[in-house]
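This report refers to the structure that appears directly beneath it.
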There are 2 protein chains.
Amino acid sequence: MKTEAELKDFFENGDKKYFSNLTIDCSIFGYHERQLKILLAKWNGLDGFSLPGGFVGRKEPLTQAANRILKEKTSIDNIFLQQFYMFGDSEFRTDNHKKFTKFLPKDSWLLNRTFSVGYYALVDYASVTIEEDIFTEKYVWQDINKIPDLLFDHNEMLEKAIQHMRINLHHQPIGINLLSKEFTLPEIQSLYETILDKEFDRRNFSKKLLSLGLIKDTNKIRSIGQHRSPKLYCFDKKKYSQMLKGGIALEL
Amino acid sequence: MKTEAELKDFFENGDKKYFSNLTIDCSIFGYHERQLKILLAKWNGLDGFSLPGGFVGRKEPLTQAANRILKEKTSIDNIFLQQFYMFGDSEFRTDNHKKFTKFLPKDSWLLNRTFSVGYYALVDYASVTIEEDIFTEKYVWQDINKIPDLLFDHNEMLEKAIQHMRINLHHQPIGINLLSKEFTLPEIQSLYETILDKEFDRRNFSKKLLSLGLIKDTNKIRSIGQHRSPKLYCFDKKKYSQMLKGGIALEL
DNA sequence: TCAAAAGTGTTCTAACTACACCCATGC
DNA sequence: GCATGGGTGTAGTTAGAACACTTTTGA
(Lines give C-alpha, C1' and ligand atoms only; values in the text may rest on other atoms or scores of the structure.)
Protein backbone atom coordinates (compact mmCIF):
# COMPACT_ATOMS: atom_id res chain seq x y z
CA MET A 1 0.00 0.00 0.00
CA LYS A 2 2.22 2.74 -1.22
CA THR A 3 0.46 5.22 -3.47
CA GLU A 4 -2.31 7.69 -2.78
CA ALA A 5 -4.52 5.98 -5.34
CA GLU A 6 -4.13 2.61 -3.65
CA LEU A 7 -4.94 4.17 -0.34
CA LYS A 8 -8.07 5.86 -1.62
CA ASP A 9 -9.17 2.60 -3.13
CA PHE A 10 -8.61 0.81 0.16
CA PHE A 11 -10.78 3.24 2.08
CA GLU A 12 -13.53 3.25 -0.48
CA ASN A 13 -13.53 -0.30 -1.77
CA GLY A 14 -11.50 -2.31 0.68
CA ASP A 15 -14.51 -4.39 1.58
CA LYS A 16 -14.63 -5.80 -1.93
CA LYS A 17 -11.23 -7.30 -1.41
CA TYR A 18 -11.35 -7.99 2.33
CA PHE A 19 -13.92 -9.16 4.83
CA SER A 20 -14.94 -6.06 6.71
CA ASN A 21 -15.57 -7.93 9.94
CA LEU A 22 -12.46 -10.04 10.26
CA THR A 23 -8.96 -8.94 11.16
CA ILE A 24 -5.77 -10.64 12.20
CA ASP A 25 -3.63 -9.14 14.92
CA CYS A 26 -0.10 -10.35 15.55
CA SER A 27 1.87 -10.35 18.75
CA ILE A 28 5.35 -10.42 17.30
CA PHE A 29 7.94 -11.34 19.89
CA GLY A 30 11.46 -10.34 19.07
CA TYR A 31 14.48 -11.71 20.84
CA HIS A 32 17.72 -9.82 20.81
CA GLU A 33 20.60 -9.57 23.22
CA ARG A 34 18.81 -11.21 26.07
CA GLN A 35 15.72 -9.10 25.78
CA LEU A 36 12.21 -10.01 24.80
CA LYS A 37 10.37 -7.29 22.96
CA ILE A 38 7.12 -6.87 21.19
CA LEU A 39 6.52 -5.00 17.96
CA LEU A 40 4.06 -2.12 18.33
CA ALA A 41 2.66 0.14 15.65
CA LYS A 42 1.98 3.84 16.02
CA TRP A 43 -0.81 4.83 13.69
CA ASN A 44 -0.81 7.96 11.68
CA GLY A 45 -3.09 10.46 13.30
CA LEU A 46 -4.02 8.24 16.22
CA ASP A 47 -2.69 8.64 19.69
CA GLY A 48 -1.21 5.48 21.07
CA PHE A 49 0.09 2.15 19.94
CA SER A 50 -1.45 -1.11 18.81
CA LEU A 51 -0.41 -4.56 17.71
CA PRO A 52 0.23 -4.81 13.98
CA GLY A 53 -2.58 -6.39 12.04
CA GLY A 54 -4.59 -6.47 8.87
CA PHE A 55 -7.68 -7.73 7.13
CA VAL A 56 -8.34 -11.15 5.67
CA GLY A 57 -8.90 -11.36 1.92
CA ARG A 58 -12.21 -12.69 0.72
CA LYS A 59 -10.55 -15.55 -1.11
CA GLU A 60 -7.53 -15.96 1.06
CA PRO A 61 -7.00 -18.92 3.41
CA LEU A 62 -6.72 -17.74 6.98
CA THR A 63 -3.21 -19.00 7.66
CA GLN A 64 -2.02 -17.50 4.43
CA ALA A 65 -3.49 -14.16 5.46
CA ALA A 66 -1.61 -14.31 8.74
CA ASN A 67 1.65 -15.04 6.96
CA ARG A 68 1.03 -12.29 4.43
CA ILE A 69 0.33 -9.71 7.13
CA LEU A 70 3.40 -10.72 9.04
CA LYS A 71 5.50 -10.47 5.94
CA GLU A 72 4.07 -7.08 5.08
CA LYS A 73 5.12 -5.75 8.45
CA THR A 74 8.41 -7.45 9.05
CA SER A 75 9.51 -8.56 5.59
CA ILE A 76 10.30 -12.05 6.73
CA ASP A 77 8.44 -15.20 5.98
CA ASN A 78 8.53 -18.80 7.01
CA ILE A 79 8.64 -17.99 10.64
CA PHE A 80 7.15 -19.55 13.69
CA LEU A 81 3.54 -18.38 13.69
CA GLN A 82 0.80 -19.71 15.92
CA GLN A 83 -2.87 -18.97 16.09
CA PHE A 84 -3.99 -18.79 19.68
CA TYR A 85 -7.43 -17.21 20.04
CA MET A 86 -10.36 -15.63 18.25
CA PHE A 87 -11.45 -12.42 19.94
CA GLY A 88 -15.04 -11.30 19.76
CA ASP A 89 -16.20 -10.46 23.26
CA SER A 90 -14.78 -7.18 24.49
CA GLU A 91 -16.83 -4.03 24.34
CA PHE A 92 -14.64 -2.83 21.55
CA ARG A 93 -15.64 -5.89 19.53
CA THR A 94 -19.40 -5.79 20.11
CA ASP A 95 -20.04 -2.08 19.85
CA ASN A 96 -20.19 -0.78 16.35
CA HIS A 97 -17.43 1.22 17.73
CA LYS A 98 -16.35 4.75 17.76
CA LYS A 99 -12.85 4.28 16.48
CA PHE A 100 -11.66 6.48 13.67
CA THR A 101 -14.94 8.29 13.42
CA LYS A 102 -13.14 11.53 13.04
CA PHE A 103 -11.36 10.32 9.92
CA LEU A 104 -13.99 8.29 8.21
CA PRO A 105 -17.41 8.79 6.69
CA LYS A 106 -20.19 7.37 8.80
CA ASP A 107 -20.94 4.53 6.43
CA SER A 108 -17.32 3.46 5.96
CA TRP A 109 -16.76 -0.28 5.91
CA LEU A 110 -13.98 0.32 8.39
CA LEU A 111 -16.48 1.20 11.09
CA ASN A 112 -18.04 -2.25 11.17
CA ARG A 113 -17.79 -4.51 14.14
CA THR A 114 -14.69 -6.70 13.77
CA PHE A 115 -13.60 -10.04 15.10
CA SER A 116 -9.90 -10.61 15.39
CA VAL A 117 -7.87 -13.76 15.15
CA GLY A 118 -4.86 -13.58 17.43
CA TYR A 119 -1.55 -14.97 16.22
CA TYR A 120 1.80 -14.82 17.88
CA ALA A 121 5.17 -15.04 16.22
CA LEU A 122 8.69 -15.50 17.47
CA VAL A 123 11.27 -13.74 15.35
CA ASP A 124 14.87 -12.77 15.50
CA TYR A 125 14.57 -9.06 16.09
CA ALA A 126 17.81 -8.36 14.26
CA SER A 127 16.67 -10.00 11.06
CA VAL A 128 13.48 -7.98 10.82
CA THR A 129 13.26 -5.07 8.45
CA ILE A 130 10.35 -2.97 9.45
CA GLU A 131 8.19 -1.92 6.56
CA GLU A 132 6.44 1.30 7.37
CA ASP A 133 3.42 2.03 5.28
CA ILE A 134 1.12 4.95 4.89
CA PHE A 135 -1.01 3.97 7.89
CA THR A 136 1.78 3.73 10.35
CA GLU A 137 3.83 6.59 11.60
CA LYS A 138 6.37 4.15 12.96
CA TYR A 139 6.98 0.77 14.52
CA VAL A 140 8.77 0.32 17.81
CA TRP A 141 10.14 -2.65 19.68
CA GLN A 142 8.84 -2.37 23.19
CA ASP A 143 10.24 -4.24 26.16
CA ILE A 144 7.68 -6.77 27.23
CA ASN A 145 7.78 -5.57 30.81
CA LYS A 146 7.00 -2.00 29.84
CA ILE A 147 3.93 -2.24 27.67
CA PRO A 148 1.91 1.00 27.61
CA ASP A 149 -1.87 1.21 27.32
CA LEU A 150 -2.66 0.03 23.83
CA LEU A 151 -5.50 0.94 21.53
CA PHE A 152 -8.64 -1.18 21.19
CA ASP A 153 -8.56 -4.43 23.14
CA HIS A 154 -4.92 -5.01 22.38
CA ASN A 155 -3.67 -5.17 25.96
CA GLU A 156 -5.97 -8.10 26.55
CA MET A 157 -4.80 -9.71 23.33
CA LEU A 158 -1.15 -9.31 24.17
CA GLU A 159 -1.62 -10.70 27.65
CA LYS A 160 -3.32 -13.76 26.26
CA ALA A 161 -0.60 -14.12 23.62
CA ILE A 162 2.08 -14.16 26.29
CA GLN A 163 0.21 -16.76 28.30
CA HIS A 164 -0.29 -19.04 25.33
CA MET A 165 3.26 -18.59 24.12
CA ARG A 166 4.69 -19.56 27.50
CA ILE A 167 2.43 -22.58 27.87
CA ASN A 168 3.24 -23.72 24.34
CA LEU A 169 6.92 -23.48 25.14
CA HIS A 170 6.48 -26.52 27.31
CA HIS A 171 5.08 -28.54 24.45
CA GLN A 172 7.13 -27.34 21.51
CA PRO A 173 10.78 -26.62 20.99
CA ILE A 174 11.74 -23.11 19.96
CA GLY A 175 14.91 -21.49 18.85
CA ILE A 176 15.32 -22.39 15.24
CA ASN A 177 13.85 -19.03 14.23
CA LEU A 178 15.50 -17.11 17.01
CA LEU A 179 19.08 -18.24 17.07
CA SER A 180 21.66 -18.52 14.39
CA LYS A 181 22.27 -21.94 12.97
CA GLU A 182 25.04 -22.58 15.44
CA PHE A 183 24.83 -21.29 18.95
CA THR A 184 26.41 -21.79 22.32
CA LEU A 185 24.81 -23.31 25.37
CA PRO A 186 24.75 -19.98 27.24
CA GLU A 187 22.96 -18.45 24.25
CA ILE A 188 20.11 -20.90 24.11
CA GLN A 189 19.84 -20.89 27.86
CA SER A 190 19.51 -17.11 27.87
CA LEU A 191 16.81 -17.38 25.25
CA TYR A 192 14.72 -19.66 27.41
CA GLU A 193 15.43 -17.65 30.52
CA THR A 194 14.39 -14.43 28.87
CA ILE A 195 11.20 -15.78 27.39
CA LEU A 196 10.08 -17.61 30.49
CA ASP A 197 11.45 -14.95 32.82
CA LYS A 198 13.06 -17.59 34.96
CA GLU A 199 16.60 -18.76 35.64
CA PHE A 200 17.97 -22.23 35.16
CA ASP A 201 20.94 -24.13 36.40
CA ARG A 202 23.63 -24.32 33.70
CA ARG A 203 24.41 -27.97 34.25
CA ASN A 204 20.83 -29.18 34.46
CA PHE A 205 19.79 -27.14 31.46
CA SER A 206 22.39 -28.52 29.10
CA LYS A 207 21.88 -32.03 30.43
CA LYS A 208 18.18 -31.79 29.62
CA LEU A 209 18.55 -30.50 26.07
CA LEU A 210 21.28 -32.95 25.22
CA SER A 211 19.55 -35.94 26.72
CA LEU A 212 16.42 -35.10 24.75
CA GLY A 213 18.57 -35.13 21.65
CA LEU A 214 17.20 -31.74 20.67
CA ILE A 215 20.60 -30.17 20.18
CA LYS A 216 23.97 -31.63 19.29
CA ASP A 217 27.59 -30.69 19.49
CA THR A 218 29.19 -29.41 16.29
CA ASN A 219 32.77 -29.79 17.54
CA LYS A 220 33.42 -26.15 16.84
CA ILE A 221 34.00 -23.34 19.22
CA ARG A 222 33.34 -19.65 19.07
CA SER A 223 35.89 -17.15 20.22
CA ILE A 224 34.30 -14.59 22.47
CA GLY A 225 37.38 -12.60 23.29
CA GLN A 226 38.73 -12.44 26.71
CA HIS A 227 37.05 -15.53 28.11
CA ARG A 228 37.01 -19.20 27.61
CA SER A 229 35.69 -20.13 24.17
CA PRO A 230 32.32 -21.84 24.29
CA LYS A 231 31.40 -24.81 22.12
CA LEU A 232 28.94 -24.47 19.31
CA TYR A 233 25.78 -26.56 19.09
CA CYS A 234 23.05 -26.89 16.52
CA PHE A 235 19.55 -28.28 16.55
CA ASP A 236 18.95 -31.84 15.49
CA LYS A 237 16.44 -30.93 12.82
CA LYS A 238 14.85 -34.35 12.69
CA LYS A 239 14.22 -34.38 16.43
CA TYR A 240 13.17 -30.76 16.35
CA SER A 241 10.42 -31.16 13.81
CA GLN A 242 9.39 -34.41 15.42
CA MET A 243 8.90 -32.54 18.67
CA LEU A 244 7.12 -29.67 16.98
CA LYS A 245 4.54 -32.06 15.68
CA GLY A 246 4.32 -34.62 18.40
CA GLY A 247 4.77 -32.39 21.38
CA ILE A 248 7.20 -32.75 24.23
CA ALA A 249 6.95 -32.33 27.92
CA LEU A 250 9.69 -29.81 28.51
CA GLU A 251 9.59 -29.26 32.21
CA LEU A 252 11.77 -26.24 32.65
CA MET B 1 -36.73 -21.62 15.07
CA LYS B 2 -40.03 -23.39 15.10
CA THR B 3 -42.52 -21.93 12.66
CA GLU B 4 -42.54 -21.83 8.88
CA ALA B 5 -42.57 -18.04 8.99
CA GLU B 6 -39.46 -17.90 11.15
CA LEU B 7 -37.75 -20.33 8.83
CA LYS B 8 -38.58 -18.36 5.73
CA ASP B 9 -37.33 -15.23 7.41
CA PHE B 10 -34.08 -16.97 8.32
CA PHE B 11 -33.40 -18.03 4.76
CA GLU B 12 -34.29 -14.68 3.29
CA ASN B 13 -33.08 -12.23 5.92
CA GLY B 14 -30.80 -14.20 8.22
CA ASP B 15 -27.87 -12.07 7.25
CA LYS B 16 -29.50 -9.03 8.82
CA LYS B 17 -29.42 -10.75 12.16
CA TYR B 18 -26.27 -12.86 11.74
CA PHE B 19 -22.87 -12.45 10.15
CA SER B 20 -23.02 -14.47 6.99
CA ASN B 21 -19.36 -15.41 7.11
CA LEU B 22 -18.95 -16.55 10.69
CA THR B 23 -20.19 -19.73 12.29
CA ILE B 24 -19.53 -21.58 15.50
CA ASP B 25 -19.24 -25.34 15.48
CA CYS B 26 -19.30 -27.34 18.67
CA SER B 27 -17.69 -30.64 19.44
CA ILE B 28 -19.92 -31.73 22.29
CA PHE B 29 -18.42 -34.60 24.22
CA GLY B 30 -20.85 -36.58 26.25
CA TYR B 31 -19.81 -38.96 28.99
CA HIS B 32 -22.10 -41.71 30.09
CA GLU B 33 -21.56 -45.14 31.52
CA ARG B 34 -17.88 -45.27 30.72
CA GLN B 35 -18.30 -44.17 27.16
CA LEU B 36 -17.20 -41.00 25.42
CA LYS B 37 -19.52 -39.89 22.67
CA ILE B 38 -19.87 -36.95 20.40
CA LEU B 39 -23.10 -35.28 19.39
CA LEU B 40 -23.70 -35.33 15.64
CA ALA B 41 -26.49 -33.71 13.66
CA LYS B 42 -28.20 -35.19 10.66
CA TRP B 43 -29.50 -32.41 8.46
CA ASN B 44 -32.83 -32.47 6.80
CA GLY B 45 -32.35 -33.30 3.16
CA LEU B 46 -28.59 -33.69 3.38
CA ASP B 47 -26.82 -36.97 3.36
CA GLY B 48 -24.44 -37.36 6.23
CA PHE B 49 -23.71 -35.91 9.63
CA SER B 50 -22.01 -32.80 10.91
CA LEU B 51 -21.11 -31.16 14.17
CA PRO B 52 -23.87 -28.96 15.56
CA GLY B 53 -23.34 -25.28 15.00
CA GLY B 54 -24.84 -21.93 14.25
CA PHE B 55 -24.26 -18.36 13.24
CA VAL B 56 -23.03 -15.46 15.32
CA GLY B 57 -25.39 -12.57 15.86
CA ARG B 58 -24.31 -9.17 14.60
CA LYS B 59 -24.50 -7.66 18.05
CA GLU B 60 -23.74 -10.75 20.04
CA PRO B 61 -20.47 -11.32 21.91
CA LEU B 62 -18.70 -14.39 20.59
CA THR B 63 -18.68 -16.38 23.82
CA GLN B 64 -22.34 -15.62 24.35
CA ALA B 65 -23.07 -16.91 20.85
CA ALA B 66 -21.28 -20.15 21.63
CA ASN B 67 -23.27 -20.60 24.81
CA ARG B 68 -26.51 -19.77 23.07
CA ILE B 69 -25.89 -22.28 20.30
CA LEU B 70 -24.99 -24.96 22.77
CA LYS B 71 -28.10 -24.26 24.77
CA GLU B 72 -30.26 -24.32 21.64
CA LYS B 73 -29.00 -27.80 20.83
CA THR B 74 -28.70 -29.42 24.21
CA SER B 75 -30.91 -27.27 26.43
CA ILE B 76 -28.27 -26.96 29.09
CA ASP B 77 -26.25 -23.94 30.02
CA ASN B 78 -23.40 -23.11 32.27
CA ILE B 79 -21.31 -25.94 31.07
CA PHE B 80 -17.65 -26.35 30.40
CA LEU B 81 -17.10 -24.72 27.02
CA GLN B 82 -13.73 -23.95 25.49
CA GLN B 83 -12.77 -22.19 22.33
CA PHE B 84 -9.89 -23.99 20.68
CA TYR B 85 -9.38 -22.87 17.07
CA MET B 86 -10.60 -20.62 14.30
CA PHE B 87 -10.92 -22.52 11.02
CA GLY B 88 -10.44 -20.73 7.74
CA ASP B 89 -8.03 -22.76 5.63
CA SER B 90 -9.61 -25.87 4.22
CA GLU B 91 -10.88 -25.94 0.68
CA PHE B 92 -14.38 -25.95 2.03
CA ARG B 93 -13.67 -22.64 3.74
CA THR B 94 -12.01 -20.81 0.86
CA ASP B 95 -14.18 -21.90 -2.01
CA ASN B 96 -17.45 -20.07 -2.25
CA HIS B 97 -18.62 -23.54 -1.88
CA LYS B 98 -21.11 -25.74 -3.46
CA LYS B 99 -22.95 -26.82 -0.37
CA PHE B 100 -26.71 -26.62 -0.38
CA THR B 101 -26.82 -25.30 -3.89
CA LYS B 102 -29.67 -27.57 -4.66
CA PHE B 103 -31.81 -26.02 -1.96
CA LEU B 104 -30.90 -22.39 -2.15
CA PRO B 105 -31.11 -19.57 -4.63
CA LYS B 106 -27.74 -18.66 -6.12
CA ASP B 107 -27.48 -15.38 -4.28
CA SER B 108 -28.44 -16.77 -0.89
CA TRP B 109 -26.44 -15.41 2.00
CA LEU B 110 -25.98 -19.00 3.10
CA LEU B 111 -23.70 -19.69 0.17
CA ASN B 112 -21.03 -17.26 1.32
CA ARG B 113 -17.62 -18.39 2.40
CA THR B 114 -17.65 -19.03 6.15
CA PHE B 115 -15.08 -19.09 8.89
CA SER B 116 -15.82 -21.24 11.85
CA VAL B 117 -14.81 -20.89 15.46
CA GLY B 118 -14.34 -24.29 17.03
CA TYR B 119 -15.54 -24.86 20.58
CA TYR B 120 -15.61 -28.03 22.55
CA ALA B 121 -17.86 -28.85 25.45
CA LEU B 122 -17.92 -31.60 28.04
CA VAL B 123 -21.40 -32.51 29.14
CA ASP B 124 -23.15 -35.21 31.06
CA TYR B 125 -24.85 -37.04 28.26
CA ALA B 126 -27.70 -38.10 30.51
CA SER B 127 -28.64 -34.55 31.44
CA VAL B 128 -28.88 -33.39 27.83
CA THR B 129 -32.26 -32.96 26.23
CA ILE B 130 -31.78 -32.83 22.53
CA GLU B 131 -33.75 -30.08 20.88
CA GLU B 132 -34.43 -30.99 17.33
CA ASP B 133 -35.32 -28.13 15.09
CA ILE B 134 -36.54 -27.77 11.57
CA PHE B 135 -33.06 -28.06 10.07
CA THR B 136 -32.15 -31.26 11.74
CA GLU B 137 -33.68 -34.57 11.05
CA LYS B 138 -32.13 -35.95 14.21
CA TYR B 139 -29.20 -35.84 16.58
CA VAL B 140 -27.20 -38.89 17.49
CA TRP B 141 -24.55 -39.63 20.07
CA GLN B 142 -21.74 -41.31 18.24
CA ASP B 143 -18.99 -43.30 19.87
CA ILE B 144 -15.78 -41.35 19.53
CA ASN B 145 -13.98 -44.33 18.06
CA LYS B 146 -16.55 -44.81 15.33
CA ILE B 147 -16.86 -41.42 13.73
CA PRO B 148 -18.13 -41.61 10.15
CA ASP B 149 -17.16 -39.25 7.35
CA LEU B 150 -18.67 -35.92 8.26
CA LEU B 151 -19.85 -33.09 6.08
CA PHE B 152 -17.73 -30.05 5.31
CA ASP B 153 -14.40 -29.94 7.14
CA HIS B 154 -15.90 -31.36 10.29
CA ASN B 155 -13.67 -34.41 10.56
CA GLU B 156 -10.67 -32.12 10.74
CA MET B 157 -12.43 -29.97 13.31
CA LEU B 158 -13.35 -32.88 15.49
CA GLU B 159 -9.85 -34.31 15.37
CA LYS B 160 -8.42 -31.00 16.49
CA ALA B 161 -11.06 -30.72 19.19
CA ILE B 162 -10.06 -34.09 20.61
CA GLN B 163 -6.40 -33.14 20.58
CA HIS B 164 -6.99 -29.85 22.35
CA MET B 165 -9.39 -31.38 24.83
CA ARG B 166 -6.88 -34.06 25.82
CA ILE B 167 -4.01 -31.61 26.13
CA ASN B 168 -6.13 -29.22 28.18
CA LEU B 169 -7.00 -32.07 30.51
CA HIS B 170 -3.45 -31.92 31.77
CA HIS B 171 -3.78 -28.27 32.67
CA GLN B 172 -7.31 -28.04 33.93
CA PRO B 173 -9.42 -30.20 36.21
CA ILE B 174 -12.62 -31.65 34.77
CA GLY B 175 -15.49 -33.52 36.19
CA ILE B 176 -17.70 -30.95 37.83
CA ASN B 177 -19.92 -30.90 34.76
CA LEU B 178 -19.66 -34.58 34.11
CA LEU B 179 -20.20 -36.28 37.43
CA SER B 180 -22.87 -35.87 40.02
CA LYS B 181 -22.01 -33.75 43.02
CA GLU B 182 -20.85 -36.77 44.93
CA PHE B 183 -19.06 -39.57 43.21
CA THR B 184 -16.91 -42.57 43.99
CA LEU B 185 -13.24 -42.98 43.21
CA PRO B 186 -13.90 -45.66 40.58
CA GLU B 187 -16.33 -43.27 38.88
CA ILE B 188 -13.94 -40.39 38.49
CA GLN B 189 -11.15 -42.75 37.52
CA SER B 190 -13.32 -44.24 34.78
CA LEU B 191 -14.07 -40.75 33.54
CA TYR B 192 -10.41 -39.95 33.11
CA GLU B 193 -9.65 -43.34 31.65
CA THR B 194 -12.41 -43.04 29.12
CA ILE B 195 -11.53 -39.54 28.00
CA LEU B 196 -7.81 -40.15 27.78
CA ASP B 197 -8.24 -43.71 26.54
CA LYS B 198 -5.69 -44.93 29.03
CA GLU B 199 -5.77 -46.97 32.20
CA PHE B 200 -4.49 -45.93 35.59
CA ASP B 201 -3.52 -47.69 38.74
CA ARG B 202 -6.29 -47.40 41.34
CA ARG B 203 -3.98 -46.59 44.22
CA ASN B 204 -1.83 -44.07 42.41
CA PHE B 205 -4.82 -42.34 40.90
CA SER B 206 -6.58 -41.69 44.18
CA LYS B 207 -3.34 -40.74 45.86
CA LYS B 208 -2.77 -38.09 43.21
CA LEU B 209 -6.19 -36.50 43.33
CA LEU B 210 -6.30 -36.48 47.10
CA SER B 211 -2.79 -35.14 47.53
CA LEU B 212 -3.59 -32.32 45.11
CA GLY B 213 -6.55 -31.51 47.30
CA LEU B 214 -8.81 -31.54 44.27
CA ILE B 215 -11.31 -33.93 45.79
CA LYS B 216 -12.25 -34.69 49.36
CA ASP B 217 -13.96 -37.38 51.33
CA THR B 218 -17.59 -36.75 52.28
CA ASN B 219 -17.74 -39.54 54.87
CA LYS B 220 -20.68 -41.03 53.07
CA ILE B 221 -20.89 -44.24 51.17
CA ARG B 222 -23.00 -45.38 48.28
CA SER B 223 -24.60 -48.75 48.24
CA ILE B 224 -23.99 -50.50 44.96
CA GLY B 225 -25.75 -53.71 45.71
CA GLN B 226 -23.87 -56.89 45.82
CA HIS B 227 -20.40 -55.52 46.47
CA ARG B 228 -18.55 -53.50 49.00
CA SER B 229 -19.97 -49.98 49.32
CA PRO B 230 -17.60 -47.34 47.97
CA LYS B 231 -17.00 -43.99 49.67
CA LEU B 232 -18.34 -40.81 48.20
CA TYR B 233 -16.11 -37.89 47.36
CA CYS B 234 -16.79 -34.39 46.13
CA PHE B 235 -14.67 -31.71 44.53
CA ASP B 236 -13.08 -29.07 46.68
CA LYS B 237 -14.66 -26.20 44.79
CA LYS B 238 -12.12 -23.66 45.94
CA LYS B 239 -9.18 -25.76 44.74
CA TYR B 240 -11.06 -26.70 41.61
CA SER B 241 -11.69 -23.17 40.42
CA GLN B 242 -8.21 -22.19 41.49
CA MET B 243 -6.84 -24.90 39.24
CA LEU B 244 -9.17 -23.98 36.41
CA LYS B 245 -7.74 -20.50 36.40
CA GLY B 246 -4.17 -21.05 37.39
CA GLY B 247 -3.55 -24.31 35.63
CA ILE B 248 -2.15 -27.50 37.04
CA ALA B 249 0.35 -30.00 35.86
CA LEU B 250 -1.73 -33.14 35.99
CA GLU B 251 0.63 -35.81 34.82
CA LEU B 252 -1.64 -38.73 34.30
C1' DT C 1 47.88 -13.15 37.78
C1' DC C 2 43.36 -11.78 37.75
C1' DA C 3 38.60 -11.37 36.27
C1' DA C 4 35.03 -13.24 33.67
C1' DA C 5 32.69 -16.78 31.47
C1' DA C 6 32.42 -21.88 30.24
C1' DG C 7 32.62 -26.66 31.24
C1' DT C 8 31.64 -30.65 33.96
C1' DG C 9 29.91 -34.79 37.83
C1' DT C 10 27.75 -36.25 42.13
C1' DT C 11 24.46 -36.43 45.77
C1' DC C 12 19.96 -35.78 47.46
C1' DT C 13 15.16 -35.71 47.10
C1' DA C 14 10.66 -36.05 45.61
C1' DA C 15 7.51 -37.92 42.57
C1' DC C 16 5.94 -41.63 39.93
C1' DT C 17 5.61 -46.76 39.07
C1' DA C 18 4.68 -51.19 40.20
C1' DC C 19 2.76 -54.38 42.86
C1' DA C 20 -0.59 -57.78 46.48
C1' DC C 21 -3.47 -58.48 50.05
C1' DC C 22 -7.63 -57.74 52.77
C1' DC C 23 -12.52 -56.08 53.25
C1' DA C 24 -17.51 -55.54 52.40
C1' DT C 25 -21.60 -57.09 50.20
C1' DG C 26 -25.41 -59.95 48.29
C1' DC C 27 -26.48 -64.05 46.31
C1' DG D 1 -18.60 -69.27 51.11
C1' DC D 2 -17.72 -67.27 46.96
C1' DA D 3 -17.60 -63.94 43.40
C1' DT D 4 -17.17 -59.17 42.64
C1' DG D 5 -15.57 -54.75 43.29
C1' DG D 6 -13.44 -51.37 46.79
C1' DG D 7 -9.87 -49.98 49.78
C1' DT D 8 -5.09 -49.36 51.24
C1' DG D 9 0.74 -49.30 52.01
C1' DT D 10 5.43 -50.12 50.60
C1' DA D 11 9.57 -50.69 48.05
C1' DG D 12 12.02 -49.51 43.88
C1' DT D 13 13.10 -46.45 40.26
C1' DT D 14 13.82 -42.31 37.90
C1' DA D 15 13.99 -37.62 36.84
C1' DG D 16 14.78 -33.13 38.61
C1' DA D 17 17.09 -29.96 42.02
C1' DA D 18 21.01 -28.45 44.32
C1' DC D 19 25.55 -27.70 44.47
C1' DA D 20 31.49 -26.20 43.67
C1' DC D 21 35.50 -26.55 41.55
C1' DT D 22 38.44 -26.31 37.39
C1' DT D 23 39.60 -24.46 32.71
C1' DT D 24 40.26 -21.00 29.19
C1' DT D 25 41.22 -16.55 27.63
C1' DG D 26 42.93 -11.75 27.08
C1' DA D 27 44.01 -7.75 29.43
5'-most contact on DNA chain C (nearest-nucleotide basis), His227(A) vs Arg203(A), goes to His227(A)

Starting at CG of Leu232(B) and ending at C1' of dG6(D), how long is that distance when rounded to a whole Å?
13 Å

Nearest to the side chain of Pro230(A) - dG6(D), dG7(C), dG26(D)?
dG7(C)

Report the distance from atom CG of Leu185(B) to atom C1' of dA24(C), rounded to the nearest whole Å.
16 Å

Grab the CG-P distance between Leu209(A) and dA15(D) for me, whole Å please.
16 Å

With sugar-phosphate meaning primed atoms plus P, OP1 and OP2, does Lys207(B) contact a base, only sugar-phosphate, or nothing at under 4.0 Å between heavy atoms?
base

Could you tell me how far apart Phe205(A) (CZ) and dC19(D) (C1') are, to the nearest whole angstrom?
19 Å

Could you check whether any side-chain N or O of Asn67(A) sits under 3.5 Å from a backbone N or O of Thr63(A), counting only pairs where one atom can act as donor and the other as acceptor?
yes

Atom CG of Asp201(A) to atom P of dT11(C): distance rounded to whole Å?
16 Å

Output yes when Lys198(A) and Glu193(A) qualify as a salt bridge under the 4.0 Å nitrogen-oxygen rule, no when they do not.
no

How many angstroms lie between OG1 in Thr184(A) and CD1 in Ile221(A), if you round to the nearest 0.5 Å?
12.0 Å

Does the separation of the ring centres of His170(A) and His170(B) fall below 6.0 angstrom?
no

On DNA chain C, check which nucleotide each of Arg202(B) and Lys208(B) is closest to and give me the residue with the more 5' one.
Lys208(B)

When rounded to whole Å, the CG to P distance for the pair Asn204(A) and dA20(D) reads 13 Å

Check the distance between dA5(C)'s C1' and Arg228(A)'s CZ and give it to me in whole angstrom.
9 Å

For DNA chain D, whose closest nucleotide is more 5', that of Pro186(B) or that of Ile221(A)?
Pro186(B)

For the pair made of NZ in Lys231(B) and C1' in dT8(D), what is the distance, rounded to whole Å?
9 Å

